[in-house]
Amino acid sequence: MSEINYKQLTTERLNIILEDLNKKAKDGNRLSILIYTNFGHIEANECVDIFEGKGLDHDNPVQGILYGALTSAEDECIRIQKIDPKATFSKDSFLLLKDAKITTYGSNVVQHVVSDMILFCDQIVGLSFR
């Protein structure tokens, strides 16, 4: 029996709810997901499941590079650890965030803005939205 990554699952479910509310919003104001980490918080417009293909932009070179890094890491684990290539790796230990705005604790100013970012779920300590 495989383990369920509750942080990843909850984050994805919140993202789905926010997407649905954003589609119904008449005023054009979008809600975004707010992820609290041990270093600050990240506000993102969307979480993308790149292994499901849902939301993956095949014309976006940044997403392609991140996807390549993840699949390459999996291939390297198979090679180094001599793991059966048919073994499945947990695809729910990270999230791909789109339009991520990173604000560190101790600052009220957005420090970094990245179009696409991988966040490993062990870094999540809380969720909200705005």
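In this chain, numbering begins with 1 at the start of the sequence shown.
In this structure, Lys7 NZ and Ile124 CD1 are separated by 6.5 Å, a value rounded to the nearest 0.5 Å. To the nearest 0.5 angstrom, Gln111 atom CD is 11.0 Å from Phe39 atom CZ. The distance from atom CD1 of Ile118 to atom CG of Leu66, rounded to the nearest 0.5 Å, is 4.5 Å. To the nearest 0.5 Å, atom CD1 of residue Ile42 and atom CG of residue Leu34 are 9.5 Å apart. The structure places NE2 of His41 at 13.0 Å from CG of Leu127, a figure rounded to the nearest 0.5 Å. Atom CD of Glu46 and atom CG of Asp116 lie 10.0 Å apart (nearest 0.5 Å).
Hydrophobic cluster membership differs between Leu119 and Val48, with clusters built from Ile, Leu, Val, Met, Phe, Trp and Tyr side chains linked at under 4.5 angstrom. In this structure, Tyr36 is not a member of the same hydrophobic cluster as Leu95, with clusters built from ILVMFWY side-chain heavy atoms closer than 4.5 Å. Taking hydrophobic clusters as Ile, Leu, Val, Met, Phe, Trp and Tyr residues chained together by side-chain heavy-atom distances below 4.5 Å, Leu70 shares a cluster with Val62.
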Inset, instruction - Give the intermediate values and the outcome of side chain to side chain contact (heavy atoms under 4.5 Å, CB included) for residues Leu31 and Arg130. - result: CA-CA 5 Å; Leu31 297 170; Arg130 66 168 150 201; 6.0 Å; no
Inset, instruction - Test Leu96 against Met117 for side chain to side chain contact (heavy atoms under 4.5 Å, CB included), laying out the working first. - result: CA-CA 6 Å; Leu96 176 63; Met117 169 187 173; 5.7 Å; no
Inset, instruction - Run the numbers on Leu97 and Ile35 for side chain to side chain contact (heavy atoms under 4.5 Å, CB included), then give the verdict. - result: CA-CA 10 Å; Leu97 305 176; Ile35 300 171; 3.8 Å; yes
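For the residue pair Ser93 and Asn5, the shortest heavy atom distance occurs at CA-ND2, 3.7 Å. Listed here is the closest heavy atom pair of Arg30 and Asn45: NH2-O, 3.6 Å. Considering all non-hydrogen atoms of both residues, Ser32 and Ala44 come closest at CB-O, 3.2 Å. Summarising the geometry of Asp59 relative to Pro61, their closest heavy-atom pair is O-CD, 3.2 Å, with the distance given to 0.1 Å. Contact record, Leu14 with Phe129: CD1-CD2, 4.4 Å, taken as the closest heavy-atom pair.
The main-chain N or O of Gly68 is found under 3.5 Å from a side-chain atom of Thr71 such that the two form a donor-acceptor pair. Remark: the backbone N or O of Thr11 is not paired with any side-chain donor or acceptor of Asn15 at under 3.5 angstrom.
Surrounding CG of Asn108 are at most 12 heavy atoms belonging to other residues, nucleotides or ligands under 6.0 Å away.
Phe94 and Phe120 have perpendicular rings, their planes meeting at more than 60° on a 0 to 90° scale where under 30° would count as parallel.
Salt-bridge check for Asp75 with Arg79: failed, with every basic side-chain N at 4.0 Å or more from each acidic carboxylate O.
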